[in-house]
Amino acid sequence: MTEPLRPVAQVPEKPSLDGLEDRWSQAWGENGTYAFDRTRPREQVFSIDTPPPTASGSLHIGHVFSYTHTDCMARYQRMRGREVFYPMGWDDNGLPTERRVQNYYGVQVDTSLPYDPDFTPPYAGDVPKKHRPTPISRQNFVELCLTLAAEDEKSFERVFRYLGLSVDWAQTYQTISPVAQQTSQRAFLRQLARGEAYQIEAPTLWDVTFQTAVAQAELEDREREGAYHRISFHSADGPVFIETTRPELLAACVALVAHPDDERYQPLFGSTVTSPVFGVEVPVLAHQLADPEKGAGIAMICTFGDTTDVTWWRELNLPTRTIIGRDGRILAEPPAAIASAEGLAAYERLVGLTVFSAQKTMVELLTESGDLHGEPRKISHPVKFFEKGDKPLEIVSSRQWYVRNGGRDADLRESLVKRGKEITWYPGHMESRYENWVDGLTGDWLLSRQRFFGVPFPVWYRLNDAGEVLYDDPLVPTEDQLPIDPATDVPEGYTPEQRGKPGGFAGDPDVLDTWATSSLTPQLAGRWERDPEFFETVFPYDVRPQGHDIIRTWLFSTVVRANAEHDCLPWHRAAISGWILDPDRKKMSKSKGNVVTPLGLLEQHGSDAVRYWSASARLGADTAFDEGQMKIGRRLAIKLLNASKFALSFAGDSQVTLDPVAVTEPIDRAVLAELAGVVDKASTAFEAFDHARALELSESFFWTFTDDYLELVKDRAYGGEAAAVSPEAIASARAALWLSLDTLLRLFAPFLPFATEEVWSWWREGSVHRAAWPTSDTLRLAAADGDPALLPAAGGALAAMRKVKSEAKVSQRTAFVSAELAVRSGQQALVAAVAGDLKSAGRVAGELTVTTSTDADAGAIGVTGELLPPEPKQPK
RNA sequence: GGGCCUAUAGCUCAGUUGGUUAGAGCGUCGCGUUUACACCGCGGAUGUCGGGGGUUCGAGUCCCUCUGGGCCCA
């Protein structure tokens, strides 16, 4: 701890927190305080794979919360002498940005439109309610996305700088940048070459509103009202009754299914029945997923009503009879299985209807044929939704790209579970979240998205002489050509004129899932394949901080990609932050309208205050939104300023000195002995990624330090009004105060970066944030034989004297004529050692004597003494 | 239905491998305007550690069970 001292401390007359955020964040930027030095060897580097926030709209208080956790960790590591690689990224590609652009500018993509270089959007954030979206070309739309994302990113950066994140802003990346596109496409092509990426025609969950395929990780079950419709199928032996919530899919029915052990239906297995209205003959089959308790215990299997239908379809080898299109409406073409004139006529009535209307019409048809029995019975059941959507998903059959993630491959799954065990999780129990997810995967990672603002698949397809797409053996670019856009770029050996022509080529129209880029943040920020030396310096990363809600998406997919590409983990540790709950213990979210804007909070309470509230929460623990805690944080920061001013004021015009040898008084040694213990324990806590404990230890010491220790030594440090204070005793108090301050500023620096930096600047050169984390050795040297037990003993004695005055309802300033402290046996020597300071702090005019209490159960210290009458108030 | 977490003062939370009388801050009540601090200081009161059972000399802490809350997955 040899950071240089200023010749004379410059302490403001009235220290204040106001304006510190702007002043210091600007200074840190100018001085490169948090700039990453890439020349340091790997073992001295601490690298953090920070979550890139979605740059659409506004930041959530949850961002402030979890990023503060990361920042505390980063600052600790930096003070420990590690060169911290702490980049920030913006996740700007994908649906959220598209939605925001649509709403903000009042536009909508029409892929048939050509690019208009002079296009200006009709609105900018002021779209009237009546406005119907203006159709624009895909390229114009992408340009608007880029423009708006850049603006959002600027405002995010402002908030994060104001919050005091020690990010190296020169390392910022975007998930839509050319470099991100190059990285994602490169990783995809390599997975394609290794056979880890593949495309197949398969049932795909489809969001009708967003016109896109949805992956397992984006699914969400929501309870929805439905109704069992009791419908009769026909057989030679009479009717078979089924109950279904989706009668509109009757035309897509391919079989009935019941549980193999279900005695009611065992006689039917192997036979066929005929569907009502459409007259299609379907088999009755047995499968253990059929639930005897559900509905009639026998279900119809359709193409495809839900994911169980898909399982049955696959495992029972059933045909497909698709009737719902990607627009969510009934297809014009009836399934070939419907042959009768009546059946075709009935189908005709459904064509073009939405699922909702088709159900109504189907009910009419069934009623007319007499095959609907009784009133539909209302139930509530879970229905699959896209997590960002608001209509139930349909299942369509389509050609999509997938990446192997263990969902269909036991060996890969096992190795990914093993990777999870190699990660050190904070808190440890988060590992089970990961394991549950990997174990529960039912399919590979669906990579294709039918979106516009994303990274295109770097793939073209040949067209045969009939102009049909040949999906096998796609045309791919070389890595040095990346990034490419197959919609505008042309594959090797073809000319632009051949696009879409028989014998020519066609670009893959889809974009990669955003996680296909986000899962590469370690590679992206680490300059993979662009700067090998740099990559070696930061990869694998030391830690991945994130929230537990995205373990299944971001964390898992990042493991999948690193495992495939580098055959290792992308980072050694995962630090998982909890969520913010509102006072009713509900997760705060935009839809609930209980979100608070972070910048307003930061400005109201001060960044250090909000950081204090955030940092008080342990990793993984959900936390109540509590402005009261922020007020405490603010008080703590102000206290730090004031106590520092007090301590530094004793230097006068001479230089502050940090001289351990000058500490000679027992109480001064005791306080440093105690502080040495705090330093050790806080360091241990930080090493275990327990920033909350480190803060708590430092904070509780600090309150005692100001409430008791400062009061006790105040007079002595001033020079002793009561005379009879030796120069050595004065120097001892001052040295102890300065040594304490030096350590306390370092201990609080990760939590209160603004207040600590402010105080540091009064008397030190450089930044506290590049200063060394405190060690206990200097403190122990100064503490020598100091006994930490002296501190609570002296504090107790002081409190006892205060209590007498408080109960006598007199000012604390009131003096005792004389006083006798009766303390527990064993404590007498301790209290006597502080008698001089107690006498002045307690304002004992005459003798202060310390005796042993005879009261056996007395924990408290007895005080007897006569108080002087209060001085009459001086007229001003 | 399976898994994970959680329950400590009115509130928000500590309580490290089991070990004296369970702590902090807020809030509340009372006192006090003292030159570090009115964005203040000092002091007081406040707990069947969710319920029940068990292990142990000893349980807020370990085990079982029930109940409430939260999340993830079916």
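Listed candidates were B:C37, B:C13, B:C42. Nearest to the side chain of A:Lys639 is B:C37. Side-chain proximity of A:Trp579 to B:C72, B:C13, B:G32: nearest is B:C72. Relative to the side chain of A:Gln812, the nucleotides B:U34, B:A74, B:G30 differ in distance, and B:U34 lies closest. Checking B:U12, B:U34, B:C31 against every side-chain atom of A:Lys809, the shortest atom distance belongs to B:C31.
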Sub-3.5 Å pairs of nitrogen or oxygen atoms, protein against nucleotides 23-27 of chain B:
residue, atom, partner, partner atom, Å
B:C26, OP1, A:Arg635, NH1, 2.7

Polar-atom pairs under 3.5 Å, protein N or O versus N or O of nucleotides 44-47 of chain B: list them with distances, or write none.
none

Please list, pair by pair, any protein nitrogen or oxygen found under 3.5 Å from a nitrogen or oxygen in nucleotides 3-6 of chain B.
residue, atom, partner, partner atom, Å
B:G3, O2', A:Asn436, ND2, 2.9
B:C4, O2', A:His429, ND1, 3.4

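A:Asp309 approaches A:Phe304 most closely through the heavy-atom pair OD2-C, 3.8 Å. Closest non-hydrogen pair, A:Ala794 versus A:Leu838, comes out as O-CD2, 3.7 Å.
The interatomic distance linking A:Ile576 (CD1) with B:C71 (C1') rounds to 14 Å, in whole Å. Separating the CH2 atom of A:Trp437 from the P atom of B:C71 is a distance of 18 Å, rounded to the nearest angstrom. A straight line from CZ of A:Arg813 to C1' of B:C31 spans 16 Å, rounded to a whole angstrom. Distance, A:Phe625 CZ to B:G70 P: 20 Å, rounded to whole Å. Per the geometry, CG belonging to A:Asp549 stands 14 Å off C1' belonging to B:G70, to the nearest Å.
Secondary-structure annotation of RNA chain B gives the stems B:1-7 with B:67-73, B:10-13 with B:23-26, B:28-32 with B:40-44, B:50-54 with B:62-66, with a stem taken as at least 3 successive Watson-Crick or G-U pairs whose two distances both fall under 3.5 Å.
A donor and an acceptor atom, one from each side chain of A:Trp24 and A:Glu758, are located under 3.5 Å apart.
Within the 4.0 angstrom heavy-atom criterion, only backbone atoms of the sugar-phosphate kind lie near A:Lys14; the bases stay farther away. Counting non-hydrogen atoms under 4.0 angstrom, A:Glu711 reaches a base of the nucleic acid. Among the protein residues, A:Leu710 comes within range of the nucleic acid bases, having at least one heavy atom under 4.0 Å from a base atom. At the heavy-atom level, A:Thr706 lies under 4.0 Å from base atoms of the strands shown. Residue contacts shown for A:Arg552 are limited to sugar-phosphate atoms, with no base heavy atom under 4.0 Å away. Using a 4.0 Å heavy-atom cutoff across all strands shown, A:Ala647 reaches no nucleic acid atom at all. Counting any heavy atom pair closer than 4.0 Å across all strands shown, A:Asp18 reaches a base atom.
Between the P atoms of B:C39 and B:G50, the separation comes to 39 Å (whole Å). With C1' as the reference atom, B:G47 and B:G15 are 14 Å apart, rounded to whole Å. Here the separation of B:U33 from B:U6, taken at their C1' atoms, is 45 Å to the nearest Å.
Residues forming a side chain to side chain donor-acceptor pair (under 3.5 Å) with A:Glu315 (at least two apart in sequence, or on another chain): A:His287. Qualifying side-chain contact (heavy atoms from CB on, under 4.5 Å) partners for A:Ser432, counting only residues two or more places apart in sequence or in other chains: none. With sequence neighbours left out, the side-chain contact (heavy atoms from CB on, under 4.5 Å) criterion links A:Pro15 to A:Leu641, A:Asn642, A:Lys645, A:Trp762. Here A:His259 pairs with nothing under the ring pair (Phe, Tyr, Trp, His ring centres under 6.0 Å) rule; sequence neighbours left out. The side chain to side chain donor-acceptor pair (under 3.5 Å) search around A:Arg734 returns none, not counting sequence neighbours. Not counting sequence neighbours, the partners of A:His69 by the side chain to side chain donor-acceptor pair (under 3.5 Å) test are A:Ser577. Every side chain to side chain donor-acceptor pair (under 3.5 Å) that A:Asp668 has, sequence neighbours left out, goes to A:Tyr709, A:Arg716, A:Ser732.
Using the six-membered ring where Trp is involved, A:Tyr76 and A:Phe686 have ring planes that are parallel, under 30° apart on the 30 and 60° scheme.
Here salt bridge (charged side-chain N to carboxylate O under 4.0 Å, His left out) pairs that include residues 692-708 of chain A, with residues two or more places apart or in two chains, are A:Arg693-A:Glu696, A:Asp708-A:Arg802.
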